[in-house]
2 protein chains.
Amino acid sequence: MILLSAVEENYLKYIFQLSEISDRGIVKTNDLAYKLEHSAASVTDMLKKLSDKKLVAYKKYYGVSLTKTGLQIAVQVLRKHRLWETFLVKNLKFTWDQVHAIAEQLEHIQSDELIDRMDEYLGHPKFDPHGDPIPDKQGVFSSANVICLADAKLKKQYLLANVNDESSAFLKYLNKIQLKLNDKIKILDKEEFDETIQIMINEKKQMTISKDAAQNMFVKVV
Amino acid sequence: MILLSAVEENYLKYIFQLSEISDRGIVKTNDLAYKLEHSAASVTDMLKKLSDKKLVAYKKYYGVSLTKTGLQIAVQVLRKHRLWETFLVKNLKFTWDQVHAIAEQLEHIQSDELIDRMDEYLGHPKFDPHGDPIPDKQGVFSSANVICLADAKLKKQYLLANVNDESSAFLKYLNKIQLKLNDKIKILDKEEFDETIQIMINEKKQMTISKDAAQNMFVKVV
DNA sequence: TATTATTTTTAGATTAGCCTAAATTTTAAA
DNA sequence: TTTAAAATTTAGGCTAATCTAAAAATAATA
Ligand SMILES: [Mn+2]
Ligand SMILES: [Mn+2]
Ligand SMILES: [Mn+2]
Ligand SMILES: [Mn+2]
């Protein structure tokens, strides 16, 4: 059991998240630097350290990817983050826009026992308050089969299944327009000019949302 | 709102705890070094920094004490520690010997909102699983009026009100002899030779405990 | 009161994790 | 294919938090 610093854990977590939206799981230095809000030079330094610890495969000027060990750790950090978010919303009655920043701290508490008991206490939830899947103790995610609302088809009935939790502003916007997870969404029209989308919510409320908003929302078919 | 590092918070917390058992609230460098398991040189360095931040009053070669601000912060850290311990035992079913180390981490999570909601969630508990008083949001402790079992009188009925939580070994010993908070304790005899104490627990179980054990137990009169 | 022992501070180093500026490598454009 | 731009790494520096060894101050003892 290698003990990592919170900083190292964050690197692995972000490499994991970026690798999921990159080709062949290769993450570029600058993308990490942007995500972490650090200089590229700092990132290079840390990648060398993580490479020495065999947590990442790093090739100069090419990019970085997680090793098996690195992946396992990254997934466990995500598990902790999402379980804590679930606790904060379900039990402590935080709103979904308030929990990310606190979970960023709590995810680094080192105690397997603690997170196992928390998982048990919460009844082994499969998804967090933003619809993100919570990996189990073995690191297995339950897949949700969602598509981005921006890519969804016209006239089909969907459910809001997952939202991007990292922007409190976006979640507050959803609060304001009273859109929640599991609400029904049907796309009435897409405007070609500015890519705004006309949607019907829960078969009664109609509204227009921007492309930007739609790209942060993920839906599944009913 | 000054944001302190976990290290700085720990210094304030330990200065507070040591000041409570010292004369005129003055804490010596070496005592802090022993508590923190750091070198005395490191302690001197940090005391200068905390002094610059007006969190402690530090006089070279003499000792250190908390300023008003330093005291407030120290008490809030203790509050967090004890509320977390309470949560871990009450809700997550940890035993009292398992929670201190985890609470040492959790006490440094920075979020007033979080600890306020946790306090509410737990029903504003006044004492933690070890019988230590939990200061309220304003930093006020409810006093317990306890005396050390080593100093308690013969033949009087007491309740076990508070134990030293920092040694898991001691708490495990109490588990083994099945002694819990609020158990009745009467001192039957004190042996002058080795200062062992004969006690009667809950009016039915008799046993001998060492001076060392008695010094870690605090009782109140029934 | 001198001398010795203990405590505390100072001096100088080290490591983790950041930075900026300069150099290098890769990619894109002309 | 040469040149310019962009991405990345290297070099050198900084701060927080630790350390050890040496110096200085205080306390204890003869
Ligand atoms: Mn989150
Ligand atoms: Mn989330
Ligand atoms: Mn404790
Ligand atoms: Mn306690």
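In what follows, every chain begins at residue 1, and chains take the letters A, B, ... in the order their sequences are listed.
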Within the pair [X] and [N], is there a side-chain N or O less than 4.0 Å away from OP1 or OP2?
| X | N | value |
| --- | --- | --- |
| A:Y58 | D:dT9 | yes |
| B:K49 | D:dA16 | no |
| B:T44 | C:dT8 | no |
| B:S5 | D:dA16 | no |
| B:T29 | C:dT9 | yes |
| A:S39 | C:dT20 | no |

Out of [options], which has the shortest distance to the side chain of [X]?
| X | options | answer |
| --- | --- | --- |
| B:N30 | C:dT7, D:dA16, D:dC19 | C:dT7 |
| B:E8 | C:dC19, D:dT9, D:dA17 | D:dA17 |
| B:A41 | D:dT8, D:dA16, D:dA21 | D:dA21 |
| A:H38 | C:dT8, D:dT8, C:dC19 | C:dC19 |
| B:Y61 | D:dT26, C:dG17, D:dT9 | D:dT26 |
| A:K60 | D:dA25, D:dT10, C:dG17 | D:dT10 |

query = Which dot-bracket notation, 5' to 3', represents the base pairing of DNA chain C when pairs are defined as Watson-Crick or G-U with both distances under 3.5 Å, crossing pairs as [ ], and inter-strand pairs as |?
reply = ||||||||||||||||||||||||||||||
When the distance from [atom1] of [X] to [atom2] of [N] is rounded to whole Å, what number comes out?
| X | N | atom1 | atom2 | value |
| --- | --- | --- | --- | --- |
| B:D52 | D:dA16 | CG | P | 11 Å |
| B:L36 | D:dC19 | CG | P | 10 Å |
| B:N10 | D:dA17 | CG | P | 11 Å |
| A:E37 | C:dC18 | CD | P | 12 Å |
| A:K48 | D:dT10 | NZ | P | 4 Å |
| A:L50 | C:dA16 | CG | C1' | 12 Å |
| B:K28 | C:dT6 | NZ | C1' | 11 Å |
| B:D45 | D:dT15 | CG | C1' | 13 Å |

request  = Please round to the nearest 0.5 Å and tell me the distance separating atom NZ of A:K80 and atom CE of A:M118.
outcome  = 12.0 Å
message = Is the ring pair B:Y121/B:F87 parallel, tilted or perpendicular, if the boundaries are 30 and 60 degrees?
response = tilted
Polar side-chain atom of [X] near backbone of [Y] as donor-acceptor pair, under 3.5 Å:
| X | Y | result |
| --- | --- | --- |
| B:D165 | B:D97 | no |
| B:Q138 | B:V140 | no |
| A:R79 | A:G139 | no |

key: Derivation of the side-chain contact (heavy atoms from CB on, under 4.5 Å) call for B:W84 and B:D128   = CA-CA 9 Å; B:W84 277 115; B:D128 84 358; over 6 Å; no
inquiry  = Is there a side-chain contact (heavy atoms from CB on, under 4.5 Å) between B:I26 and B:K59? Walk through the geometry before answering.
reply    = CA-CA 10 Å; B:I26 300 302; B:K59 215 168 97 189; over 6 Å; no
inquiry  = Check A:K93 with B:E120, please: is the shortest side-chain N to carboxylate O separation under 4.0 Å?
reply    = no
